[in-house]
Amino acid sequence: MLNYVLSRLLTFVPTFIGVTLISFMFIRLLPGDPIIVMAGERGVSPERYAELSAQFGYDRPVYVQFFEYLTGVLQGDLGTSFVTKRPVWDEFFALFPATLELSICAMIFAVVLGLPAGVIAAVNRGKFFDRALMSTALVGYSMPIFWWALLLIIVFSGNLQWTPVSGRIDLLYYFPDPTGFMLIDSIASGQKGAFLSAVRHLLLPTIVLGTIPLAVIARQTRSAMLEVLGEDYIRTARSKGLSPGRINGIHALRNALIPVITVIGLSVGTLLAGAILTETIFSWPGIGKWMVDSIFRRDYPVVQGGLLLIAVMVMIVNLTVDMLYGVINPKIRKR
Amino acid sequence: MTETTSNEGQGAPVDGPERPGQLREFWFYFRENRGAVIGLWIFAVFAFLALFGPWIAPHDATAQAREFTLLPPAWQEGGSWTYVLGTDPLGRDMLSRLIVGARYSFFVGVVVVTVAASGGIIIGLLAGFAPKWVDSIIMRVMDIILAFPSLLLALVLVAILGPSLTNAMIAIAIVLQPHYVRLTRASVMSELQKDYVTSARVAGAGLARLMFVTVLPNCLAPIIVQAALSFSTAILDAAALGFLGMGAQPPTPEWGTMLAEAREFILRAWWVVTFPGLAILVTVLAINLMGDGLRDALDPKLKRS
């Protein structure tokens, strides 16, 4: 087991350096000189240009710059935003809870609906429920989520006026945010209606972001269940006279969960990609919107740092899933 | 895979006399899946519109009828049968724009899949045949690309290359290509263990022949399924990039770009938002249905059950 963990960790190192190199190179390749972009319309004199260039280290060879960047990254220094002049690291962690809160809610939404849907479809294989659920899942899987978001806004915010269109909470409410999670902070603040307002803001983005994972989980649960339901021990359980509920719910589902959990873990990347669109549409102040805004503002350090942090996050989650999988299924460790 | 292997056990080229039989067998299994056949029909219509769109569309897709801006669809009050699905904020016919827009999505799908698949297959073959250290390097590079969420990577790539449909296609192809590399490499690795490859090698087949004639045809089934699935991913991602303003630029009637232009009118004119998205959804759904059918027909494991 230790060998397995170590070998997985060892592959992490070159990938990490590669990811750093790529996010570093991107910025060197982006059109427009960063210093000229920073100077804006005022322009910059040649002397000032040379001075700034030296200050940011752009006048040195690229490999020296990369090495310094890598050292900085390992010490938690990702540079400073051109626009806000704040460290990229601080900005990321100020916005990250918003994305995390949204992602967790979306994942809960997807799992709570997706697992039962998959189980029901598998148990009723080929019947009406199976077809209806799987057709719906395929529609969800094919959904352009930016359009889905607009549709939900038309219906629930426009026609029914049930939910707000953007932000995390009504402007009426103002309270400190020690955790950064609006749901928790709004309760902690004790202000009447704050929690409800937070929930109403969260509703549509959660549905939008959770739709594709929901469809994927439902499809994956169904096929995993079908595979397990054909196993001998299920037949044994049946012949013992166990109730179908117990067989499906306990014997089958527990074993079917292993591939499903992998899928859940691996959809973190999908969630982050979805967060880019969802947050942009709902003006959700998280890292997805932050990245898009920074790309448009040509805020190079932010794009570079954000790209790196997001990639590292995806890598860590994938690594964890890999290792958990190794713990659950010893066959994999042997490879 | 064993079934195809026994058919082509001698490493026989695919254009042997068995070809029509294989096709017929494939069609037999594909037809079983009703959804897949429906998907195929919708895709055929989509392809037809993509090829002949501008000649079918009732109006010029970029012509602006200034007196008819934001006209609702014909069946709604105030609608007109001249503009069946209504007009957009600039008075352009929605139906014509949707029909002409089909070719951009189709084009994106075809180009992205061709580029990503051919690149991915060649790199995957190399990784499968090359010495271990080359293989490790290739796979680490693919891991690195896969560590970035695809849409984010595509977005940054387009920001570097400059926003346009061509650059969006390049970016999406780069992002999708590692999947083909992994898939090809995995199939190559399992095929290389088999006797027919050894016998081809003993018979003196060169490396290129081994790669492309002996092994590759037997790895194609999962790659074809992947191609169908990434066709729909490509369309979705290109539309998403268009929606974020980083894909096709106005006034191109690309569906995602149309949605972006219509965003501010969502609460006043539902049709400018609904129809382009519906077009994307139906197309992607049809392709995914086809992909499911392809998988059922090509995957021998499911075939026997």
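Here is the naming used below: chain letters follow the sequence lines, and residue numbers restart at 1 for every chain. Predicted, not measured: the structure shown is a model, and the values here were computed from it.
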Residues A:A121 and A:R222: closest non-hydrogen pair is CB-CD, 3.8 Å
* Asked: Backbone N or O of B:G277 within a donor-acceptor pair of the B:W255 side chain at under 3.5 Å?
  -> no
> Between the main-chain N or O of A:V83 and the side-chain N or O of A:S81, is there a donor-acceptor pair closer than 3.5 Å?
Replying inline: yes
Taking a cut-off of under 4.5 angstrom between non-hydrogen atoms, the residues of residues 227-239 of chain B near chain A are B:L236, B:A239
Given B:T274, B:L151, B:L155, B:L259, the one with more heavy-atom pairs under 4.5 angstrom with chain A than any other is B:T274
Honestly, the part of A:I281 sitting under 4.5 Å from a heavy atom of chain B is both
Notebook entry, point to check: Is any NZ, NE, NH1 or NH2 atom of the basic residue among A:K289 and A:D293 found under 4.0 Å from an Asp or Glu carboxylate oxygen of the other?
Noted result: yes
One option among A:F146, A:F16, A:F296, A:W148 has the most heavy-atom pairs under 4.5 Å with chain B, and it is A:F146
Expected output: side-chain B:T257 to main-chain B:P253 donor-acceptor under 3.5 Å
no
Rounded to the nearest 0.5 Å, the CG atom of A:L78 sits from the OG1 atom of A:T20 at a distance of 9.5 Å
To the nearest 0.5 Å, atom CG of A:L209 lies from atom CG of A:L204 at 12.5 Å
One should read off an interatomic distance between A:T211 OG1 and A:Y141 OH, to the nearest 0.5 angstrom, of 14.0 Å
Q. Would you say the side chain of A:V19 lies within less than 4.5 Å of the side chain of B:F148, judging by non-hydrogen atoms?
A. yes
message = Walk me through whether A:W290 and A:V88 qualify under side-chain contact (heavy atoms from CB on, under 4.5 Å).
response = CA-CA 11 Å; A:W290 176 60; A:V88 174; 4.0 Å; yes
Against chain A, residues from residues 136-145 of chain B with at least one heavy atom under 4.5 Å, in numeric order, are B:R140, B:D143, B:I144
Counting heavy-atom pairs under 4.5 Å with chain B, the top scorer among A:V314, A:L307, A:T280, A:I22 is A:L307
Interatomic distance, OG@A:S103 vs CG@A:L271, rounded to 0.5 Å, equals 5.0 Å
Under a 4.5 Å heavy-atom criterion, the part of residues 278-285 of chain B in contact with chain A comprises B:L278, B:I280, B:L281, B:V284, B:L285
Looking only at A:G158, A:P144, A:P14, the option with the highest number of non-hydrogen pairs under 4.5 Å against chain B is A:P144
Check: Would you say B:T252's side chain and B:Q249's backbone share a donor-acceptor pair under 3.5 angstrom?
Finding: yes
* In this structure, are over 12 heavy atoms from other groups packed under 6.0 Å from B:F107 atom CZ? -> no
With chain B, the option among A:V139, A:L151, A:N159, A:L21 that has the most non-hydrogen atom pairs under 4.5 Å is A:V139
Counting heavy-atom pairs under 4.5 Å with chain B, the top scorer among A:V292, A:I17, A:L272, A:I295 is A:I295
When the 4.5 angstrom heavy-atom criterion is applied to A:M291 and chain B, the contacting part is side chain
Within residues 240-248 of chain B, contacts to chain A at heavy-atom distances under 4.5 Å involve B:A240, B:F243, B:L244, B:M246
Which word best sums up how the rings of B:F43 and B:F106 line up, parallel for under 30°, tilted for 30 to 60°, or perpendicular for over 60°? tilted
From the list A:I153, A:L150, A:I310, A:N318, the residue making the most non-hydrogen contacts under 4.5 Å with chain B is A:L150
Check B:D292 with B:R295, please: is the shortest side-chain N to carboxylate O separation under 4.0 Å? yes
- Message: The test is side-chain contact (heavy atoms from CB on, under 4.5 Å); show your working for B:L165 and B:V108 and say whether it passes.
- Response: CA-CA 8 Å; B:L165 193 61; B:V108 166; 3.9 Å; yes
Going by an N to O cut-off under 4.0 Å, is there a salt bridge joining A:R235 and A:D232? yes
Turns out that what part of B:L289 lies under 4.5 Å from chain A's heavy atoms comes down to both
If you define the side chain from C-beta out and look only at heavy atoms, does anything of B:I123 sit under 4.5 Å from B:Q177? yes
Verdict with reasoning, B:R182 to B:L146, per side-chain contact (heavy atoms from CB on, under 4.5 Å) = CA-CA 11 Å; B:R182 283 192 157 185; B:L146 286 172; 3.6 Å; yes
Can you tell me if A:S223 uses its side chain to pair, donor with acceptor, with the backbone of A:Q220 under 3.5 Å? yes
Only one of A:I276, A:L100, A:L95 passes side-chain contact (heavy atoms from CB on, under 4.5 Å) with A:I287, and that residue is A:L95
